[in-house]
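Only one structure is covered here, and it is reproduced in the block below.
Just follow the structure's listing: the first ligand is 1, and inside any ligand the first atom is 1.
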Amino acid sequence: LNARERLLSFGAGPARWPEEVVERAAAGLRPAAAGGLSVLELSHRSETYGRIQERVREQLRRLLAVPDSHEVLLLPGGATMQFALVPLNLRRGDEPVDIVLTGRWSEKAAEHAAATGPVRVAASGREDGYRAVPPTDAWRTGADAAYLHVTTNNTIAGTRLADVPETLPAPLVGDASSEILACPLPVERFGLLYAGAQKCLGPAGLAVVIVRRDLLDRAPESVPAMLRYRSHAEARSLFNTPPTALVWLMGLMLGWIEEQGGAAEMHRRTRERARIVYEALDAHPDVYAPVADPRCRSLTNVVFLLRDPEGEERFLAAAEREGMVGLRGHRSVGGLRASMYTGMPVEGAVRLAEFLERFARDPGGAGGR
Ligand SMILES: Cc1ncc(COP(=O)(O)O)c(C=O)c1O
């Protein structure tokens, strides 16, 4: 494909993959790459696949600086599956689950937790339209809670929890789907940290769950084995047939991230991309209105409105003519959103910023070149 045909996706996920990884995936599917069988045909009990999967778990451990106290699980079903599994596994009896409401995804986490027991709102940003993440000193939680759940980055509202508390009376559970590995996260402060993979780690339909080992014993016998983290931990994420192709694809993505300089380089690029795009928006307050409270801005999901909402379709069409897609905001917020995760080159942010600049100078016109 030439540069014109290869579109640059700012979609919230599945998100943009680096060119090299797409090429490697295409080549790696061929039987010769895995000794006569396509990687798609490998038994999950084979040595070759076992090595692939163990390598992915080690890569995650290294890249995310996972302490020995925590287990790394690869589970099918994305992040939503964890909305259901976390309360089933961590709640003892009718313990309440405390939730910090920071956006639509945390509401969904709360709804899923409420299906199997009591839920308390520890703090809520809802009244303010989720423009800010409630400050940690305002969280109301107690030792009687099974855990406290927080979404570390809010994909839809475009906000981020900048300071993860060091200690809390109950284990901290975090949904880091839209910033894992793109942004620094103190994994050791979480009892459990999870992420759907399709934004920062590669393929959709797979979740990474990092869980403190002592929490694995909490699930009651009434929870079927397949739904217990403990089963998957004991089987090294081979409890049943795992999504082998997705795990392999994640390994390609993580290998590329390591080659690029690992977590530190990903964090640097994330800060750089966010700086470039927010600066372009802030330079034209008469045209653009970034939604998040400046103290809580997401570094991966830049959500903004046009002062003149009528210009949105023109904006999107002009961006698409320049090969940039996926900029439409989430249906619940409207407006526009640029999602930039690990697979987005810094040049992608530069291209977008240049476009924002041109559009701002001529918002009524075509906006593009
Ligand atoms: C923060 C957050 N949590 C959960 C989800 C749901 O993920 P999945 O569709 O993989 O279940 C998303 C998806 O966009 C998300 O952004």
Next on the checklist: Can you tell me which portion of Ala79 lies within the under-4.0 Å heavy-atom range of ligand 1? Options are side chain, backbone, both, or neither.
Outcome noted: both
Item to check | Polar atom proximity, Trp105 to ligand 1 (N or O, under 3.5 Å) | outcome: yes
Checklist entry - Hey, which atoms in ligand 1 end up nearer than 4.0 Å to a heavy atom of Phe83? => result 3 (N), 4 (C)
Next on the checklist: Taking 4.0 angstrom as the limit and counting only heavy atoms of Gln198, give me the atoms of ligand 1 inside it, by number and element.
Outcome noted: 7 (O), 8 (P), 9 (O), 10 (O)
Item to check | ligand 1-proximal atoms of Lys199, by part, heavy-atom distance under 4.0 Å | outcome: side chain
Item to check | Contact partition for Thr155 relative to ligand 1, non-hydrogen atoms under 4.0 Å | outcome: side chain
Next on the checklist: Strictly distance-based, threshold 3.5 Å: is any side-chain N or O of Asp98 a donor or acceptor partner for the main-chain N or O of Ala145?
Outcome noted: no
Next on the checklist: Strictly distance-based, threshold 3.5 Å: is any side-chain N or O of Arg16 a donor or acceptor partner for the main-chain N or O of Met344?
Outcome noted: no
Checklist entry - Does the ring center of His44 lie less than 6.0 Å from the ring center of Tyr49? => result no
Item to check | ligand 1 atoms in contact with Asp175 (distance to a heavy atom under 4.0 Å) | outcome: 1 (C), 2 (C), 3 (N), 4 (C)
Checklist outcome for this item: re atom 11 (O) of ligand 1, the protein heavy-atom contact at minimum distance is Thr80 OG1, 2.6 Å
Checklist entry - Would you say the side-chain atoms of Gln53 pair up with the backbone N or O of Ser237, donor to acceptor, closer than 3.5 Å? => result yes
Next on the checklist: Treating Thr270 as the side-chain partner and Ala182 as the backbone partner, does any N or O pair qualify as donor plus acceptor under 3.5 Å?
Outcome noted: yes
Checklist entry - In ligand 1, which numbered atoms sit nearer than 4.0 Å to a non-hydrogen atom of Gly78? => result 10 (O), 11 (O)
Checklist entry - Would you say Arg273's side chain and Pro345's backbone share a donor-acceptor pair under 3.5 angstrom? => result no
Next on the checklist: Testing the 3.5 Å rule here: is there a donor-acceptor pair between the side chains of Glu188 and His70?
Outcome noted: no
